[in-house]
Amino acid sequence: MASLLLVFLTTTTVIPILISPLSLSSAPHSDSLHRAVQTLYGARFTSMALTLELISQTSVVPHSQSLTIFAPRDSAFSRSGQPSLSLLQFHFAPLSLSRHFLASLPYGTAVPTALGNRSLVVTSLPGDPSISLNSVKIDGSPLFADKSLTVFGVERFFDPVFELSSPVQGPTPDLNCVSSLKRGNRAGIPGDGSFHEASRKMRSSGYSAMGSILGTQLLGFEYRTASLTLFAPVDKAMTHKKGNFSEYASIFLQHVVRCKLLWSDLAEFSNGPALPTYKKGYGVRVTKSGDTFMVNKVAIVHPELYVNEWLVVHGVGEVIGAKSRADNVKHKGSQKNGHVEEKRHVRRLFRVWLAIFALVSTQLCC
């Protein structure tokens with residue numbers, strides 16, 4: 001299918017943007033984007049206003065519940081010329097970020113963007129008179145802000161390959177859990193009673209396997225000093241792994257997210273970025289189907305099974321990331337059938353070679 005080449009003239013430069021018709025979609029921020037575009041025109045951010053007007057109904061705009069856009073000035077378009085679609089996505093953060101919140105972030109904090117796994121980096125210090133990301137200064141007040149969309153002006157385009165010149169000292173917050181951080185839900189050190197209370201509640205509600213591991217305080221000191229969300233599979237989903245504690249431990253780690261997410265918070269992350277878990281390299285993504293929230297396509301069947309100051313437990317119907325037992329049985333059956341067929345093939349080849357050998361021997365001797 002042919003792509004559509006759209007060219008529009010700004011006050012500073014001509015910007016052609018190539019958009020496939022297949023990328024056209026309805027963005028959840030359409031009304032807000034329309035009003036933001038009018039505000040950008042009035043603030044003389046004409047190039048970015050025209051760009052947003054062009055891409056507002058495409059998949060370039062993240063389909064997250066909240067969105068922050070960093071809008072370069074017209075002079076940046078003049079200096080840099082045509083921005084690629086990927087560069088535009090690097091200026092979209094699928095989060096609601098206020099100036100106050102950005103100003104509170106430590107140096108080196110990664111701010112997720114719509115460009116795959118690329119993040120912006122906070123390069124200002126808390127208390128600095130100005131805020132900067134990737135060493136680009138952010139304008140003092142938002143150009144536009146409502147419940148779902150915030151737009152900040154920036155002096156130039158962000159550099160996607162930017163790296164800090166000095167190492168980050170100490171841990172930085174995970175902005176994929178931004179709603180928990182904004183409410184200040186940073187836990188203190190929970191006592192042993194907190195673990196046992198949560199574990200007892202889970203065991204009495206049909207989540208004994210995960211409850212037992214929680215009671216052992218598997219993750220140690222770091223685990224005890226963080227805010228957590230546990231997506232606990234119901235016991236019947238764990239029966240085929242009974243007795244294998246090492247496998248339980250690995251499964252447990254991939255069901256624990258590094259922040260506290262109440263049921264009301266999940267809407268903030270619906271169709272947003274993946275949330276990192278305690279299992280290295282494994283993340284979970286929240287989506288919504290009707291009135292049901294899904295985690296990696298597994299339904300949350302018992303929301304807020306247990307809640308305290310530092311922990312939320314949501315019951316889920318299956319092990320996240322696991323194949324169904326039917327799939328496993330089918331896979332094992334196909335493996336077994338494959339081995340049998342391979343043996344038969346070897347026997348047939350052996351008989352053929354015996355026949356050839358017998359024929360050659362007869363011709364040589366006679």
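In what follows, residues are counted from 1 in the order of the sequence shown.
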Begin with the C-alpha distance, continue with both residues' side-chain angles, and end with the deciding distance and a verdict on ring pair (Phe, Tyr, Trp, His ring centres under 6.0 Å) for Phe77 and Phe157. CA-CA 8 Å; Phe77 281 79; Phe157 286 99; 5.0 Å; yes
If every non-hydrogen atom of Gly108 is compared with every non-hydrogen atom of Leu164, which pair is closest and at what distance? CA-CD1, 3.9 Å
Spacing of NE2 belonging to His91 relative to CG belonging to Leu133, to within rounding of 0.5 Å: 10.0 Å
So that I know where these two stand, are His314 and Phe231 an aromatic pair - ring centroids less than 6.0 Å apart? yes
Would you say Thr229's side chain and Val257's backbone share a donor-acceptor pair under 3.5 angstrom? no
Please report the shortest heavy-atom distance between Phe152 and Leu97, naming the atom on each side. CE1-O, 3.3 Å
Measure across Val312 and Leu262 and return the closest heavy-atom pair with its distance rounded to 0.1 Å. CG2-CD2, 3.6 Å
For Phe70 and Met48, the nearest pair of non-hydrogen atoms, with its separation, is O-CE, 4.1 Å
Nearest heavy-atom pair of Val61 and Ile55: which atoms, and what distance? CG2-O, 3.5 Å
With a 3.5 Å distance limit and no angle check, can you tell me whether Asp74 reaches the backbone of Thr46 through a side-chain donor-acceptor pair? yes
Distance col, row Ser130:OG vs Glu155:CD, nearest 0.5 angstrom, shows 9.0 Å
Could you walk me through whether Leu102 and Val122 pass side-chain contact (heavy atoms from CB on, under 4.5 Å), step by step? CA-CA 8 Å; Leu102 286 171; Val122 175; 5.5 Å; no
Distance-only side-chain donor-acceptor flag, Ser204 / Arg200, under 3.5 Å: no
How long is the gap from CE on Met294 to OG1 on Thr287, to the nearest 0.5 Å? 6.0 Å
For the student: nearest non-hydrogen atoms of Pro112 and Pro94, plus distance: O-CD, 3.6 Å
Apply side-chain contact (heavy atoms from CB on, under 4.5 Å) to residues Lys137 and Ile131 and explain how you reach the verdict. CA-CA 6 Å; Lys137 184 179 177 182; Ile131 303 168; over 6 Å; no
Atom pair OG1/NE2 of Thr277 and His255 - distance to nearest 0.5 Å: 9.5 Å
Across all chains, not counting sequence neighbours, the side-chain contact (heavy atoms from CB on, under 4.5 Å) partners of Asp235 are Ser208, Ala209
Taking the side chain as C-beta and beyond, is there a heavy-atom pair between Leu95 and Phe101 under 4.5 Å? no
Contact between Ile300 and Thr292 at the side-chain level, heavy atoms closer than 4.5 Å - yes or no? no
Could you walk me through whether Asn296 and Tyr282 pass the side-chain contact (heavy atoms from CB on, under 4.5 Å) test, one step at a time? CA-CA 11 Å; Asn296 285 14; Tyr282 190 85; 3.4 Å; yes
Across all chains, not counting sequence neighbours, the side chain to side chain donor-acceptor pair (under 3.5 Å) partners of Thr123 are Ser132
Value rounded to 0.5 Å, distance of CD1 in Ile69 from CG in Leu40: 8.0 Å
May I ask you to check whether over 12 heavy atoms, not counting those of Arg79, lie within 6.0 Å of atom CZ? yes
So Phe92 and Val60, do their side chains get closer than 4.5 Å, heavy atoms only? yes
Is there side-chain contact between Val151 and Thr39, with heavy atoms separated by less than 4.5 Å? no
So do Leu88 and Leu52 actually touch side chain to side chain, heavy atoms under 4.5 Å? no
Ser135 and Phe162: side-chain contact (heavy atoms from CB on, under 4.5 Å), yes or no, with the steps? CA-CA 9 Å; Ser135 292; Phe162 172 84; 3.5 Å; yes
When you measure from the centre of the six-membered ring of Tyr306, is the NZ or CZ of Lys201 closer than 6.0 Å and no more than 45° off the axis? no
List for me each residue that meets side chain to side chain donor-acceptor pair (under 3.5 Å) alongside Ser86, sequence neighbours excluded, and say none if there are none. Ser84
The side-chain contact (heavy atoms from CB on, under 4.5 Å) partners of Val234 (sequence neighbours excluded) come to Tyr207, Lys236, Ala237
With a 3.5 Å distance limit and no angle check, can you tell me whether Lys260 reaches the backbone of Asn308 through a side-chain donor-acceptor pair? yes
Pairwise side-chain contact, Thr150 with Ser98, heavy-atom cut-off 4.5 Å (strictly under): no
Could you list the donor-acceptor pairs under 3.5 angstrom formed by side chains in residues 138-146, with sequence neighbours left out?
unit_1 : atom_1 : unit_2 : atom_2 : d
Asp139 : OD1    : Arg73  : NH2    : 3.2
Asp139 : OD2    : Arg73  : NH2    : 3.1
Asp146 : OD1    : Ser148 : N      : 3.0
Asp146 : OD1    : Leu149 : N      : 2.7
Asp146 : OD2    : Ser32  : OG     : 2.6
Asp146 : OD2    : Arg35  : NH2    : 3.0

Are any non-hydrogen side-chain atoms of Val319 and Pro233 less than 4.5 angstrom apart? yes
Would you say the side-chain atoms of Asn134 pair up with the backbone N or O of Phe158, donor to acceptor, closer than 3.5 Å? no
Can you tell me how far CZ of Phe90 sits from CG of Asp159, rounded to the nearest 0.5 angstrom? 7.5 Å
Is there side-chain contact between Ile320 and Lys297, with heavy atoms separated by less than 4.5 Å? no
Sequence-distant partners of Gln89, side chain to side chain donor-acceptor pair (under 3.5 Å), two or more places apart: none
